[in-house]
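The structure appears right after this line, and notes come after that.
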Amino acid sequence: MIHAIKGTRDILPPSSTTWNRVEAVARRIFANYNYQEIRTPIFEETALFARGVGEETDIVSKEMYTWEDRDGTSLTLRPENTASVIRAYIEHRMDQIPGPKKLYYMGPMFRRERPQKGRYRQFFQIGSEVIGSESPATDAEVIEMVVAILTGCGVKDIHLIINSVGCKECRPGFNAALKEQLQSIKQHLCENCQRRAETNPLRVLDCKVPADQPYVEKLPSILDHLCQNCTNHFATVRQFLDDRQIGYEVRPRLVRGLDYYTRTTFEIVHGALGAQSSVMGGGRYDGLAESLGSKISSPGIGFSIGEDRLVMILEETGAAEPVSLDLYIAPMGDAALRHAGILARDLRLQQVSVEVGEGKLKRLMELANKANAKHTLILGDNEITAGTYALKNMTSGEQRSMTRSELVDHLTAKN
RNA sequence: GUGCCUUUAGCUCAGUCGGUAGAGCGCUUGAUUGUGGUUCAAGAAGUCAUGGGUUCAAUCCCCAUAAGGCACCCCA
């Protein structure tokens, strides 16, 4: 037996319906906010991710699917999409198009991690990028939009966390201050944190070991080390969020794993997800375009929603809607089957969803019920000679005899 | 990549203190002629994850591998 490889999976009905619904909601909301879709290749030159995401990040250093192409080029399956979008933006000189560029995408990403609930090697993201604006109003609109998408999909209990991680002016100073303080207290911390104190001091702030908390809490907050510009920027973002009455928690210890983030960072967590509690993460990346070779400054901000996790939340909280069918036709006999085929074709042309069965009536009624049909049409010799149809409402059990035009009106009115 | 747990019918799980297996749900068929969601009956379906070892004998014990889950790590 050949089966799906580790960390990948098949998305089957009825779950695929939820996936489609999520994507439809996202597309609709993106359109409302004047975003347009961008589709970039699934694989890129390895150098793009190494430079964009950061050579030292876990993603690049140990999680990428990388191979050598036949001409010797190193290629990589995309582990995220922001670097590709920026690459395309630069390559196609999209800076020449007036106004900020508002782009969205959805599709598979690949990271070779150990699979868990809510974590797959091929996983799907729905995300967006705004390039060419560093206005706090943009940050607020982006955050508002992502909340709208999740809410629109039916997610309850959205918990939004925001922070500012500073810019290239102020972050180095904070890092130095943090490192210095860690030197003095590090003997009191857990093994992990002692290691992080050297390799990635910001991560110590994220430590969950209870014994470490008294020390971690006394570490400096990035918010106290922001430069004036970043302080003002973050305060304005918060003000705009307050204007919109969007609830959030400022968590100075929210840190992000990708190197390119600057200033505003944000994340939405949900209790239904277990250890992989984050359903969406995002932030500003003002220096990314330059680090990928752009000659002109192109500040940007974006987010990505973990679609697998979003669907999981909807399924676990019962927010996934069952599929339903407008009409199930139960023909009895050859003449009825022919008649049913034509009737079904005509109704489908009028946007009525129709299934035609074949077999004994009792069996067809069962199938209609299992298909979650709203109505069943019973079609036999009696009906054909009389020129009427027997339409049964599967919820109430009521059955009515009607003419063809009454039938069409009845079914199309329900839509 | 590390540690721990799990793996028996399509699904959820029992079980044999080592003698090749069961339930519920689901599926198929039937309960006289054209009516579902309830009921009743019958039936199909499992090399008990894979490979090896111990044993007269392994689904059960041991080892390895794989997949899944949880924690770490990291992230969406």
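Convention: sequence-line order gives letters A, B, ...; per-chain numbering from 1.
For the C1' atom pair drawn from B:rG15 and B:rU33, the interatomic distance equals 47 Å after rounding to whole Å. Nucleotides B:rC48 and B:rG22 are separated by 14 Å at their P atoms, to the nearest Å. For the P atoms, the distance from B:rA41 to B:rC25 is 11 Å, rounded to whole Å. With both ends at atom P, the span from B:rC70 to B:rG10 equals 24 Å, rounded to whole Å. Comparing B:rC27 with B:rU16, their P atoms sit 31 Å apart, to the nearest whole Å. Remark: the separation of the C1' atoms in B:rA21 and B:rC13 is 14 Å, to the nearest Å. When the C1' atom is compared between B:rA49 and B:rU59, the two are found 11 Å apart, to the nearest whole Å. If you take atom C1' in B:rG26 and the same atom in B:rG68, they sit 23 Å apart, rounded to whole Å.
Side-chain atoms of A:Ser353 and A:Asp326 include a donor-acceptor pair closer than 3.5 Å. Side chain to side chain, A:Tyr248 and A:Asp242 meet the donor-acceptor criterion of an N or O pair below 3.5 Å. There is a side-chain donor-acceptor pair under 3.5 Å between A:Glu315 and A:Ser15.
Applying the side-chain contact (heavy atoms from CB on, under 4.5 Å) criterion to A:Ala336, with sequence neighbours excluded, gives A:Pro331, A:Leu379, A:Ile384. Partners of A:Asp69 according to the side-chain contact (heavy atoms from CB on, under 4.5 Å) rule, which considers only residues two or more places apart in sequence or in another chain, are A:Asp71, A:Thr73, A:Leu75. Partners of A:Arg244 according to the side-chain contact (heavy atoms from CB on, under 4.5 Å) rule, which considers only residues two or more places apart in sequence or in another chain, are A:Ala140, A:Glu141, A:Glu144, A:Phe240, A:Ile246. Under the side chain to side chain donor-acceptor pair (under 3.5 Å) criterion, A:His339 pairs with A:Tyr389, not counting sequence neighbours. Evaluation of the ring-ring contact (aromatic ring centres under 6.0 Å, His included) rule for A:Tyr35 yields A:Phe30 as partners, not counting sequence neighbours. Partners of A:Thr151 under the side-chain contact (heavy atoms from CB on, under 4.5 Å) rule, at least two apart in sequence or in another chain, are A:Val147, A:Ile158.
The residue A:Met109 sits apart from the nucleic acid: no heavy atom pair falls under 4.0 Å. Looking at heavy-atom distances under 4.0 Å, A:Ile378 makes contact with a base.
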**Request:** Scan nucleotides 1-6 of chain B nucleotide by nucleotide, 5' to 3', and note B when protein non-hydrogen atoms come under 4.0 Å of the base, S if they reach only the sugar-phosphate, - if neither.
**Result:** BBBB--

**Asked** How does each nucleotide of nucleotides 26-32 of chain B score, in 5' to 3' order, for protein heavy atoms under 4.0 Å: base (B), sugar-phosphate only (S), or none (-)?
**Response** -SSSS--

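Scanning atom types as modelled, one donor and one acceptor separated by under 3.5 angstrom connect the side chain of A:Glu383 and the base of B:rG34. The base of B:rG34 does not come close enough to the side chain of A:Asp381 for any donor and acceptor atom to sit less than 3.5 Å apart. You'll find a donor-acceptor pair under 3.5 Å spanning the side chain of A:Lys392 and the base of B:rG36, going by distance alone. The base of B:rG36 sits with one of its N or O atoms less than 3.5 Å from a complementary donor or acceptor on the side chain of A:Asn369.
Look at CE on A:Met365: it is 6 Å from P on B:rG36, rounded to the nearest Å. Here the P atom of nucleotide B:rA76 and the CG atom of A:Leu254 are 11 Å apart, to the nearest Å. Residue A:Leu377 contributes atom CG, which lies 17 Å from atom P of B:rG34 at whole-angstrom precision. Per the geometry, CG belonging to A:Leu325 stands 14 Å off C1' belonging to B:rG36, to the nearest Å. In this structure, CD of A:Glu316 is placed 12 Å from P of B:rG69, rounded to the nearest angstrom. Between A:Leu361 atom CG and B:rG36 atom P the separation is 8 Å, expressed in whole Å.
Within the model, atoms NE2 of A:His233 and CZ of A:Arg284 stand 4.5 Å from one another, a figure rounded to the nearest 0.5 Å. Rounded to the nearest 0.5 angstrom, A:Arg87 CZ and A:His92 NE2 are separated by 6.0 Å. In this structure, CZ in A:Phe110 is found 5.0 Å from CG in A:Leu77, a value given to the nearest 0.5 Å. Interatomic distance, CD of A:Glu91 versus CE of A:Met94, reported as 11.5 Å (0.5 Å rounding).
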**Request:** Give the dot-bracket string for RNA chain B, reading 5' to 3', where a pair is Watson-Crick or G-U wobble with both distances under 3.5 Å, ( ) marks pairs inside the strand, [ ] marks pairs crossing earlier ones, | marks a partner on another strand, and . marks unpaired.
**Result:** (((((((..((((........)))).(((((.......))))).....(((((.......))))))))))))....

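Between A:Gln399 and A:Glu80, the residue anchored nearer the 5' end of RNA chain B, judged by the nucleotide with its closest heavy atom, is A:Gln399.
With respect to A:Thr40, the side-chain contact (heavy atoms from CB on, under 4.5 Å) criterion is satisfied by exactly one of A:Asn81, A:Leu103, A:Ile86: A:Asn81.
Across residues 120-129 of chain A, A:Tyr120, A:Phe123, A:Gln125 each have a non-hydrogen atom less than 4.0 Å from an atom of RNA chain B (numbered order). In the region residues 4-31 of chain A, proximity to RNA chain B at under 4.0 angstrom, judged on heavy atoms, holds for A:Lys6, A:Gly7.
Taking the ring axis of A:Tyr120 as reference, the NZ or CZ atom of A:Arg9 stays within 45° of it and closer than 6.0 Å to the ring centre.
Counting heavy atoms from C-beta outward, A:Asp381 and A:Met332 have side chains that stay 4.5 Å or more apart.
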Expected rows: protein N/O vs nucleotides 41-51 of chain B N/O, under 3.5 Å:
none

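Salt bridge present: A:Lys117 and A:Glu316 bring a charged side-chain N and a carboxylate O closer than 4.0 Å. Using a cutoff of 4.0 Å between basic side-chain nitrogens and carboxylate oxygens, A:Glu37 and A:Arg27 are scored as salt-bridged. A:Arg238 and A:Asp139 are not joined by a salt bridge, as no carboxylate oxygen comes within less than 4.0 angstrom of a charged side-chain nitrogen. Under the 4.0 Å criterion applied to side-chain N and carboxylate O atoms, A:Glu113 and A:Arg119 are assigned as salt-bridge partners.
Comparing B:rC70, B:rA76, B:rU35 by their nearest atom to the side chain of A:Lys117 picks out B:rC70.
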